[in-house]
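Data block below; observations after.
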Number of protein chains: 2
Amino acid sequence: MPTTDITETITNAEWCVMRVVWTLEKADSHTIIDVVGQQHDWKAATIKTLIGRLVKKGALATTKSGRQFIYTPLIAEQTAMDNALTDQLDQMCAMCRGQAFVHALDQTELSQADIQELIDHLQAKLPTAPATVACDCLPEGYEGSC
Amino acid sequence: MPTTDITETITNAEWCVMRVVWTLEKADSHTIIDVVGQQHDWKAATIKTLIGRLVKKGALATTKSGRQFIYTPLIAEQTAMDNALTDQLDQMCAMCRGQAFVHALDQTELSQADIQELIDHLQAKLPTAPATVACDCLPEGYEGSC
DNA sequence: TCAATTAAATTACAGTTGTAAACGAAAAGG
DNA sequence: CCTTTTCGTTTACAACTGTAATTTAATTGA
């Protein structure tokens with residue numbers, strides 16, 4: 001598998017464009033510019049640039065429809081979000097992850113179904129979970145832990 | 001409160017340096033260069049640059065000790081991690097957050113205590129949780145939802 | 001005291017990102 | 001047909017990032 005995960009190459013501003021294309025499922029540039037332009041104070045030209053970069057990066061597909069293009073996502077939204085969250089966790093000290101989860105959870109509104117699913121997964125994990133998770137911030141030999 | 005959250009200005013490469021300083025609690029540049037240099041294939045000069053930028057950004061404090069500096073973190077690791085994870089979630093569609101959590105959870109090793117705490121928090125949230133969470137990717141008026 | 005070492009600060013430099021204007025081709029209106 | 005509008009492409013440009021060499025100032029060993 002190529003190590004170059006496309007989701008890691010998409011920038012913050014570009015995610016804003018992806019979000020509307022994901023939600024609309026497909027859209028022409030006029031619609032994207034209109035919708036994104038309402039959320040962010042960006043000029044049409046700016047949004048055009050972002051669309052162009054997303055196409056070049058392989059995040060959006062184009063289909064010619066008359067004189068213009070219809071843009072559609074080439075990556076699944078949920079998958080991209082799953083990866084983004086996992087990548088974020090992977091960058092932090094293993095010891096911090098649990099509490100970061102707790103904190104994030106408290107700040108996030110979740111549906112009952114999602115909450116129940118989380119509880120189920122957690123309960124399944126509990127029996128085989130370690131008593132403690134060690135810090136992984138230092139290389140071998142520098143075991144000052146934290 | 002100033003809107004400029006320092007944690008948002010710290011780059012990926014800089015986080016790598018912060019992780020070791022957090023774990024060591026305090027360190028001189030030689031130690032940082034040694035430890036970070038073992039994890040990443042960076043030249044000493046590169047790590048010095050990162051340290052300098054972190055000081056300028058207010059993420060590291062310096063204390064003169066003889067001819068050199070001792071560096072200490074000016075921001076708490078757990079707080080920074082909490083914010084990082086929350087920021088990540090805030091950038092994604094509200095509908096995706098629950099499943100992203102589930103996915104991330106499955107990928108992450110957590111201690112029994114953390115798991116139990118998560119279960120407790122989730123169980124507390126359950127009664128007042130909404131049946132569904134709506135997409136928040138479009139501005140008012142474009143209610144195509146998703 | 002003078003050279004060699006060290007530590008921090010300054011400078012470098014290409015690639016990415018945010019932000020956008022300008023350009024060129026095609027279409028639509030007259 | 002010719003002008004105006006539209007849509008995509010090219011070009012622009014400063015700030016930020018990753019990566020690092022060079023310089024300067026102080027320190028230490030000889």
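Lettering of chains follows the sequences in order, A, B, ..., and the numbering in each one begins at 1.
For the pair B/A45 and A/Q68, both in contact range of DNA chain D, the more 5′-proximal nearest nucleotide belongs to A/Q68. Remark on DNA chain C: of its neighbouring residues A/K43 and A/T9, the 5'-side contact belongs to A/T9, judged by nearest-heavy-atom nucleotide. Across the interface with DNA chain C, nearest-nucleotide mapping of A/E14 and A/R67 shows A/E14 to be the residue nearer the 5′ end.
Residues B/G37 and B/I47 come closest through the heavy atom pair N-CD1, 3.6 Å. Closest non-hydrogen pair, B/A59 versus B/M18, comes out as O-CE, 3.6 Å.
The side chain of B/T49 contributes no N or O atom lying less than 4.0 Å from OP1 or OP2 of D/dG18. Regarding contacts with the backbone of C/dT16, every side-chain N or O of A/K57 stays at 4.0 angstrom or more from both OP1 and OP2. For the OP1/OP2 pair of D/dT19 and a distance below 4.0 Å, the side-chain nitrogens and oxygens of B/T46 include no atom meeting the criterion. Between C/dA7 and B/Y71, no contact under 4.0 Å exists linking OP1 or OP2 to a side-chain N or O.
Taking a cutoff of 4.0 Å between a charged side-chain nitrogen and a carboxylate oxygen, B/D136 and A/R19 qualify as a salt bridge.
Side-chain proximity of A/F69 to the nucleotides C/dT17, C/dA8, D/dT9 is greatest for D/dT9.
Following rounding to the nearest Å, B/I33 (CD1) and C/dT6 (P) show an atom-to-atom distance of 12 Å. As a whole-Å value, the separation of B/I51 CD1 from C/dA8 P is 8 Å. Straight-line distance from the NZ atom of A/K48 to the C1' atom of D/dC7: 6 Å, rounded to whole Å. Summarising the geometry, the separation between NZ on A/K64 and C1' on D/dT6 is reported as 12 Å, rounded to the nearest angstrom.
Remark: the B/S29 side chain and the C/dA7 base include no donor-acceptor N/O pair separated by less than 3.5 Å. For C/dT19, the base has a donor-acceptor partner in the side chain of A/R53 [N/O atoms by modelled type, under 3.5 angstrom].
Atom-to-atom distance recorded for A/K26:NZ and A/S65:OG is 10.0 Å, nearest 0.5 angstrom.
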